[in-house]
Amino acid sequence: QMTVDEVAADVGIAKASLYKHFASKEALAAAAMVRLLERALAMIDQLSAREGQRAVDRLMAVSRWALEMQLGGEMPTVPSQNSSLRAELLAHKTYLDLLMQASDRLGAWIVQAQADGDIDPTLPPELVLYTIYARACAHVPAYLKAGGAFSDAQIVELVQRSCWHGLRPPTKG
């Protein structure tokens with residue numbers, strides 16, 4: 001949604017200078033997505049280094065981190081129908097390599113969480129992965145934030161709860 005003029009103004013350079021580094025707005029967005037995936041992989045590495053943490057807890061931590069990043073304005077909500085951006089991303093080798101690394105690592109945690117009984121083992125791991133990705137890039141947190149009824153922390157908790165525990169009320173017992 002942001003224009004090249006707005007990006008140039010935000011970083012304090014002329015629009016022409018920005019185009020010296022990036023051929024298009026989509027190329028700039030792809031570079032931003034690469035940086036974001038590098039940060040995500042660093043977060044995944046940190047979680048991997050924690051001894052004794054269950055796979056589902058690691059997945060929930062990544063999901064929480066992504067929501068916090070989004071509410072902090074550091075995680076884009078990528079429009080799935082933007083064909084020029086999608087084409088740029090699909091042609092960007094570094095982006096695809098990093099996305100595959102993240103997907104493989106998260107996928108291994110999903111399979112482990114299913115084996116542990118923490119995630120429904122009848123669900124395809126790809127569905128679980130795409131659900132996590134969808135939560136990271138969804139518009140729901142922004143809509144809740146714009147409504148002003150919830151703090152960022154409350155929004156993270158609500159979205160996490162709906163993602164990981166569904167929409168059913170908690171079981172009594």
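Residue numbers start at 1 and run along the sequence shown.
Both Tyr95 and Leu41 belong to a single network of hydrophobic side chains, linked directly or stepwise wherever heavy atoms of I, L, V, M, F, W or Y lie under 4.5 Å apart. Note on Leu98 and Leu106: same hydrophobic cluster, where clusters join Ile, Leu, Val, Met, Phe, Trp and Tyr whose side-chain heavy atoms are under 4.5 Å apart, directly or indirectly. Linking Ile, Leu, Val, Met, Phe, Trp and Tyr whenever their side-chain heavy atoms come within less than 4.5 Å leaves Met69 and Val140 in two separate clusters. Clustering ILVMFWY residues whenever any of their side-chain heavy atoms sit less than 4.5 angstrom apart, transitively, puts Val159 in a cluster other than the one holding Val62. Put simply, Met33 and Tyr130 are part of the same group of oily side chains (I, L, V, M, F, W, Y) that touch within less than 4.5 Å, one to the next.
A salt bridge is defined here as a Lys NZ or Arg NE, NH1 or NH2 lying under 4.0 Å from an Asp or Glu carboxylate O, and Arg86 with Glu26 fails to meet this definition. Ion pair Asp118/Arg54 flagged as a salt bridge, since at least one NZ, NE, NH1 or NH2 atom sits closer than 4.0 Å to an Asp/Glu carboxylate oxygen.
Heavy atoms only, all atoms of each residue included: Tyr19 and Ser24 are closest at CE2-CA, 4.0 Å.
No side-chain heavy atom of Val128 sits less than 4.5 Å from a side-chain heavy atom of Leu59.
Residue pairs that meet the side-chain hydrogen bond (donor to acceptor under 3.5 Å, both in side chains) test with at least one member in residues 41-52, sequence neighbours left out, are Asp45-Arg105.
How far CD1 of Ile44 is from CZ of Arg39: 13.5 Å, rounded to the nearest 0.5 Å.
A donor-acceptor contact shorter than 3.5 Å links the side chain of Lys145 to the backbone of Leu71.
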